[in-house]
There are 2 protein chains.
Amino acid sequence: MSLIRHYNSEDKVLVAVDSVIFGFDREGLKILLIKRDFEPQKGAWSLMGGFLKKNETLDQAANRVLHELTGLDSIYMEQVSSYSELGRDPVERTISVAFFALINIAQHDFKLNKAHHAQWFSLSQAPTPIFDHQQMIAEALERLKRKALTNPIGFELLPEKFTMRQLQDLYESILNEKLDKRNFINKINALEILIRLEEKDKTTSKKGAFLYKFDEEKYNQKIDEGFNFKL
Amino acid sequence: MSLIRHYNSEDKVLVAVDSVIFGFDREGLKILLIKRDFEPQKGAWSLMGGFLKKNETLDQAANRVLHELTGLDSIYMEQVSSYSELGRDPVERTISVAFFALINIAQHDFKLNKAHHAQWFSLSQAPTPIFDHQQMIAEALERLKRKALTNPIGFELLPEKFTMRQLQDLYESILNEKLDKRNFINKINALEILIRLEEKDKTTSKKGAFLYKFDEEKYNQKIDEGFNFKL
DNA sequence: TCAAAAGTGTTCACCGTACACCCATGG
DNA sequence: CCATGGGTGTACGGTGAACACTTTTGA
């Protein structure tokens with residue numbers, strides 16, 4: 001007789017992952033929702049999600065599901081929280097682990113999988129999604145706010161080259177407040193983690209605005225030296 | 001034929017909850033570990049945990065498990081994160097949701113359930129626990145640090161009446177750094193959320209130190225007025 | 001030439017931090 | 001009377017916030 005206690009008598013449950021996918025464009029911060037084409041709540045909007053398989057981790061499941069919708073890999077993702085209210089999914093007992101993902105809408109190497117009828121929504125104009133997805137979005141947003149102030153994750157939402165104005169717009173839309181232009185630029189410059197390119201972007205002004213790149217190498221080096229990103 | 005899509009083909013997995021139980025006494029911040037009396041890793045130390053049942057939420061499971069060990073209810077608990085590495089539990093595929101709990105060691109209305117061979121350990125002297133429990137502890141501690149600076153959760157670890165010195169010792173041991181006595185007291189007093197009692201505690205000095213209570217009512221009122229706890 | 005966005009520094013108030021001495025009391 | 005922990009206030013520097021004008025250039 002084995003001394004190893006097996007877990008045969010314990011309950012097994014369905015585990016889902018749901019992703020709050022953030023994007024950013026000229027209109028501000030957005031989330032990607034998909035339209036359900038099956039009951040219950042056919043036609044309603046929901047986060048992109050899927051079920052955890054036996055042989056994968058939660059992160060792998062979240063990445064798989066994100067890949068299915070966008071074709072993208074190596075996307076910044078972070079676990080937010082787990083949700084387990086008894087009736088949260090009316091079909092069957094399911095617990096769900098929410099993630100948030102940051103993707104750069106502008107890059108053209110991704111196409112939304114048509115089958116999911118995905119659509120970008122401004123936070124303020126998004127329809128109320130199914131189940132407890134609204135709560136997931138709210139908590140993901142809180143996490144994003146906090147994290148964006150202490151880590152350079154905002155750049156995940158921007159194109160490789162961006163203007164100071166774009167960066168400021170991004171932070172304003174994440175934090176949901178207006179920031180002072182000079183103070184913002186002073187702070188950013190004090191961090192010394194951007195490279196100012198020679199190029200200018202002339203799409204929004206006659207004068208043209210300098211383009212910047214995030215200097216990841218320099219950032220990592222400063223981190224090693226004890227530097228703390230703080231906005 | 002029903003239009004409702006069922007989830008029959010999806011994998012179900014075992015879901016566990018594991019609790020990082022923090023306590024505080026004269027020696028500092030401690031965690032409660034239990035000694036396994038079955039294989040694998042019989043004799044090793046582990047967090048208190050249990051399996052999620054079909055008809056309960058994760059919070060309920062965490063509370064049930066905590067109650068089994070301590071007899072306590074209504075304990076401050078917070079979800080930390082979920083862990084799902086494939087080999088994390090060698091017996092069977094199990095994902096685990098970690099919680100942290102704050103309990104007041106000094107209160108005498110709880111008795112540790114003998115069956116679990118539980119023992120308090122100072123953080124620096126705790127044995128390395130099984131599986132990924134070390135990582136859970138590290139992340140729970142990070143969360144506790146952050147949360148204790150922005151919420152009055154520290155009081156959960158103290159007796160109802162406590163001295164300023166005790167409060168300072170608590171924060172020093174959560175933050176793992178020495179704090180200046182005058183600055184600490186000034187900060188705490190500026191918050192105006194403590195009541196100074198007439199009573200003194202004479203166990204640590206001849207002069208005696210005033211006892212304080214957390215004024216929860218006043219705190220809630222200040223919160224309603226937009227106050228932010230910040231240490 | 002003018003409209004529209006880009007770019008640029010300084011001042012001030014407040015907060016966080018450093019710091020040292022007297023008090024009360026039991027033994 | 002003295003050793004031990006308790007209790008108290010101020011000064012300084014640095015950081016965060018407020019604030020306005022000049023530059024560029026395409027239309």
Side-chain angles (χ1 to χ4, degrees), chain A residues 25-28 145-146 148-150 158-159 161-213 222 226-231, chain B residues 25-28 145-146 148-150 158-159 161-173 175-213 226-231:
Chain A
D25 64 14
R26 288 199 169 70
E27 294 164 38
K145 272 188 201 181
R146 183 165 57 75
L149 290 172
T150 53
L158 291 172
K161 302 172 183 181
F162 50 86
T163 64
M164 276 289 178
R165 165 64 55 181
Q166 279 179 287
L167 185 59
Q168 183 175 345
D169 285 344
L170 170 65
Y171 272 92
E172 288 184 348
S173 91
I174 289 174
L175 302 175
N176 198 27
E177 60 179 322
K178 285 293 278 181
L179 302 174
D180 178 88
K181 179 169 58 160
R182 277 169 294 183
N183 290 340
F184 182 79
I185 292 174
N186 287 154
K187 270 191 194 174
I188 294 288
N189 284 334
L191 297 175
E192 298 185 296
I193 53 171
L194 294 190
I195 301 171
R196 187 168 95 170
L197 306 175
E198 294 309 314
E199 272 175 278
K200 286 192 166 196
D201 174 318
K202 294 210 160 197
T203 58
T204 57
S205 80
K206 294 159 183 173
K207 186 178 179 181
F210 279 107
L211 287 166
Y212 291 79
K213 273 170 65 175
K222 297 190 79 158
F227 165 81
N228 275 315
F229 181 99
K230 190 84 184 69
L231 221 125
Chain B
D25 64 14
R26 287 199 170 71
E27 293 164 38
K145 274 187 199 180
R146 182 164 57 75
L149 289 172
T150 54
L158 291 172
K161 302 171 182 180
F162 50 86
T163 65
M164 276 289 179
R165 165 65 55 178
Q166 280 178 286
L167 186 59
Q168 183 176 344
D169 285 345
L170 171 64
Y171 272 91
E172 289 184 346
S173 91
L175 302 176
N176 198 28
E177 61 180 320
K178 285 294 279 179
L179 302 173
D180 178 88
K181 178 168 59 161
R182 275 170 295 184
N183 291 339
F184 181 79
I185 292 174
N186 287 156
K187 269 191 193 173
I188 294 289
N189 284 333
L191 297 175
E192 298 185 298
I193 53 172
L194 293 190
I195 301 170
R196 186 168 95 170
L197 307 175
E198 295 308 315
E199 270 175 280
K200 287 192 167 194
D201 174 317
K202 295 210 160 194
T203 59
T204 56
S205 79
K206 295 160 183 173
K207 185 178 179 180
F210 279 107
L211 287 166
Y212 291 78
K213 274 170 64 174
F227 165 81
N228 276 314
F229 181 99
K230 190 84 183 68
L231 220 123

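All values below come from the heavy atoms of this structure, side chains included, with hydrogens, waters and symmetry mates left out. Quick note on labels: first sequence line is chain A, next is B, and so on, each numbered from 1.
Nearest-nucleotide positions on DNA chain D for N186(B) and G208(A) put N186(B) closer to the 5' end.
At dG26(D), one or more side-chain N or O atoms of K202(A) fall inside 4.0 Å of OP1 or OP2 (strictly under the cut-off). Under 4.0 angstrom from either OP1 or OP2 of dA6(C) there lies at least one side-chain N or O belonging to R165(A).
Rounded to an integer number of Å, the gap from I188(B) CD1 to dT8(D) P is 14 Å. In this structure, CG of L211(B) is placed 12 Å from P of dG6(D), rounded to the nearest angstrom. Straight-line distance from the CE atom of M164(A) to the C1' atom of dG7(C): 11 Å, rounded to whole Å.
When each of dG7(C), dA18(D), dC19(C) is scored by its nearest atom to the side-chain atoms of K207(A), the top-ranked nucleotide is dG7(C). The K206(A) side chain lies nearest to dT25(D) when the options are dG5(D), dA5(C), dT25(D). Ranking dA6(C), dC19(C), dG9(C) by closeness to the N183(A) side chain, first place goes to dG9(C). Considering only the side chain of I185(A), dT8(C) comes nearest among dT10(D), dT8(C), dG6(D).
Around NZ of K161(A), the count of heavy atoms belonging to other residues, nucleotides or ligands within 6.0 Å does not exceed 12.
With hydrogens and angles disregarded, no donor-acceptor distance shorter than 3.5 Å links the side chain of E172(B) to the backbone of K178(B). In this structure, N228(B) contributes its side chain and K230(B) its backbone to no donor-acceptor pair below 3.5 Å.
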